[in-house]
A.B. asks: 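One structure, as structure tokens, below. Some questions next.
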Amino acid sequence: MMNVIAAVAVLGILGAVFGLVLAVASKIFEVKKDPREEAILSHLAGANCGGCGFPGCGGCAAAILAGDAPVTACAPAGAENAAAIAKIMGMEAPTGERQVAFVRCNGGVSAKKRFDYVGVKDCISATKVAGGPLECAFGCLGFGSCVSACQFGAMSIGPNGSAVVDPDKCTACMACANACPRHLIVSVPVSKKVHVACANQDKGRAAISVCEHSCIGCGMCQKECKKDAIHVENGVAVIDYEKCVGCKLCTKVCPRDAILPIATAEEKEKYKAIKKAQAEKAKAAVETKAAAAAEK
């Protein structure tokens with residue numbers, strides 16, 4: 001009996017000693033945590049979507065505190081929380097229009113296929129099979145890797161087979177862009193409604209051969225724009241959103257319907273008639289001026 005009591009006593013003393021040692025060690029080797037990190041974390045979305053490029057919201061908060069990420073790194077948190085984070089960091093609140101994701105492809109079923117893909121329904125997996133089933137190397141594969149990556153229900157595969165974004169749900173976290181193996185998804189100002197829905201950089205004939213709606217770099221949109229807001233770069237039209245006023249003239253002259261919103265046949269015919277009338281009026285004015293000069 002005495003042996004049992006002695007053993008229990010020894011174990012109790014050892015437990016107390018080890019506990020004291022651990023308590024002292026925890027104090028000595030304690031890593032001081034900046035209280036601002038928890039404050040920043042409380043203003044993040046909490047979705048751990050990875051759209052910021054850091055491992056979860058905790059990694060994002062640490063990066064913001066270290067100066068490795070902007071206070072707007074968590075797009076889903078919104079402008080109000082970004083302003084709160086800026087205040088915690090002793091900075092001015094960020095300004096600027098809300099951004100949303102946009103898919104630069106409207107090909108879908110209009111894009112020609114090289115073969116029927118029957119593997120895992122995932123865009124990344126599809127590209128591993130001979131580069132993907134589409135003839136267009138720049139086209140949306142439509143298997144929904146971006147849809148799976150979106151934590152906010154803002155991505156879906158549209159009726160034509162290409163991915164589309166619901167701007168009302170989009171938080172611009174850009175997790176979809178990171179998931180797209182063809183890098184077709186970009187951020188655009190939410191107020192802008194005119195977009196080039198193509199990323200094909202092939203020359204005209206080559207682009208025509210792979211998709212009914214491919215941009216062929218003809219430059220008609222660039223010539224028609226009165227605000228110098230659209231230019232052909234690397235064979236494809238690109239919009240300067242700071243200059244674009246949404247007049248949609250570019251959509252009415254695009255022969256490939258590569259610019260959204262696609263103009264109807266009636267809209268295009270009406271615009272052609274307006275242009276023809278303007279040309280005739282200008283010609284008549286020149287002829288009248290020339291006749292007057294001849295009389296003098």
Side-chain angles (χ1 to χ4, degrees), residues 51-53 69-80 82-83 86 92-107 138-140 146 150 152 154-156 158 160 162-180 182-201 207 213-264 267-268 271:
C52 60
V71 296
T72 55
C74 180
E80 186 176 333
E92 290 186 6
T95 58
E97 184 178 357
R98 184 170 76 89
Q99 301 283 302
V100 294
F102 174 74
V103 183
R104 297 182 298 155
C105 181
N106 192 37
F138 303 88
C140 173
C146 55
C150 181
F152 305 95
M155 297 291 303
S156 63
N160 76 335
S162 290
V164 293
V165 179
D166 182 342
D168 292 331
K169 295 180 180 179
C170 182
T171 62
C173 71
M174 303 312 288
C176 55
N178 295 331
C180 178
R182 294 202 161 169
H183 312 294
L184 297 175
I185 306 177
V186 296
S187 64
V188 300
V190 70
S191 67
K192 301 300 182 180
K193 306 302 179 185
V194 179
H195 307 288
V196 178
C198 183
N200 194 320
Q201 298 180 10
H213 296 306
S214 59
C215 174
I216 56 176
C218 66
M220 291 181 68
C221 55
Q222 179 174 313
K223 293 175 184 176
E224 197 65 25
C225 183
K226 311 301 182 186
K227 302 296 182 180
D228 192 38
I230 187 166
H231 298 90
V232 175
E233 299 176 6
N234 297 319
V236 64
V238 178
I239 294 176
D240 182 341
Y241 290 106
E242 291 187 0
K243 295 180 179 179
C244 180
V245 295
C247 66
K248 302 179 186 177
L249 294 183
C250 55
T251 70
K252 295 173 183 177
V253 298
C254 178
R256 304 287 295 168
D257 290 338
I259 307 176
L260 304 181
I262 296 174
T264 65
E267 288 175 328
K268 289 189 175 185
Y271 189 64

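Fair warning: this is a prediction, and the values are worked out from it, not measured in the lab. One-based numbering along the sequence shown.
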A.B. asks: Does some side-chain heavy atom of V236 sit less than 4.5 Å from a side-chain heavy atom of N200?
C.D. replies: no
A.B. asks: Write down the atom of T72, the atom of A82, and the distance for their closest heavy-atom approach.
C.D. replies: CG2-CB, 4.1 Å
A.B. asks: Below 3.5 Å, can you tabulate the donor-acceptor pairs from side chains in residues 243-255 to any protein atom, sequence neighbours excluded?
C.D. replies:
from	atom 1	to	atom 2	distance (Å)
K243	NZ	D228	OD2	3.2
T251	OG1	K248	O	2.6

A.B. asks: Under the salt bridge (charged side-chain N to carboxylate O under 4.0 Å, His left out) rule, collect the residues that match up with K268, sequence neighbours excluded.
C.D. replies: D257
A.B. asks: Mind listing the closest non-hydrogen atom pair of H213 and N106 along with its distance?
C.D. replies: CD2-O, 3.8 Å
A.B. asks: Taking side chain to side chain contact (heavy atoms under 4.5 Å, CB included) as the definition, give me every residue that meets it alongside A172, ordered by chain and number, with sequence neighbours left out.
C.D. replies: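 Checked A172 against side chain to side chain contact (heavy atoms under 4.5 Å, CB included); matches are A75, Q99.
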A.B. asks: Quick one: closest heavy-atom pair of A73 and C52, and the distance?
C.D. replies: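 A73 and C52 have their closest heavy atoms at O-CB, 3.5 Å.
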A.B. asks: For K223, does the NZ atom sit with more than 12 other heavy atoms under 6.0 Å from it, leaving out its own atoms?
C.D. replies: no
A.B. asks: Mark yes or no for whether R104, through its side chain, and H183, through its backbone, hold a donor-acceptor pair below 3.5 Å.
C.D. replies: yes
A.B. asks: Within this structure, what is the CD-CD distance for the pair E233 and Q201, rounded to the nearest 0.5 Å?
C.D. replies: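 E233 CD to Q201 CD: 10.0 Å, rounded to 0.5 Å.
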A.B. asks: Between R256 and C215 (side chain of the first, backbone of the second, donor and acceptor by atom type, cut-off under 3.5 Å), is there such a pair?
C.D. replies: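 No.
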A.B. asks: For E97 versus P189, what's the shortest heavy-atom pair and its separation?
C.D. replies: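 Taking every non-hydrogen atom into account, OE1-CB, 3.5 Å.
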A.B. asks: Quick check: do D240 and I230 have side-chain heavy atoms less than 4.5 Å from each other?
C.D. replies: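 Sidechains of I230 and D240: no contact.
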A.B. asks: With side chain to side chain contact (heavy atoms under 4.5 Å, CB included) as the criterion, how do I239 and V188 come out once you've worked through the C-alpha distance, each side chain's angles and the decisive distance to 0.1 Å?
C.D. replies: CA-CA 10 Å; I239 294 176; V188 300; over 6 Å; no
A.B. asks: What are the two closest non-hydrogen atoms of I185 and C180, and how far apart are they?
C.D. replies: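 It is CD1-CB, 4.2 Å.
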A.B. asks: I'd like to know if the side chain of R182 and the backbone of G139 have a donor-acceptor N/O pair within less than 3.5 Å.
C.D. replies: yes
A.B. asks: How about C221 and I259: do any of their side-chain heavy atoms sit closer than 4.5 Å?
C.D. replies: yes
A.B. asks: Is it the case that Y271 and E224 place a side-chain donor and acceptor less than 3.5 Å from each other?
C.D. replies: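 Judged by distance alone, the side chains do pair up.
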A.B. asks: Are the side chain of S214 and the backbone of A207 linked by a donor-acceptor contact shorter than 3.5 Å?
C.D. replies: yes
A.B. asks: So, for A199 and F138, which heavy atoms are closest and what is the spacing to 0.1 Å?
C.D. replies: O-CD2, 3.4 Å
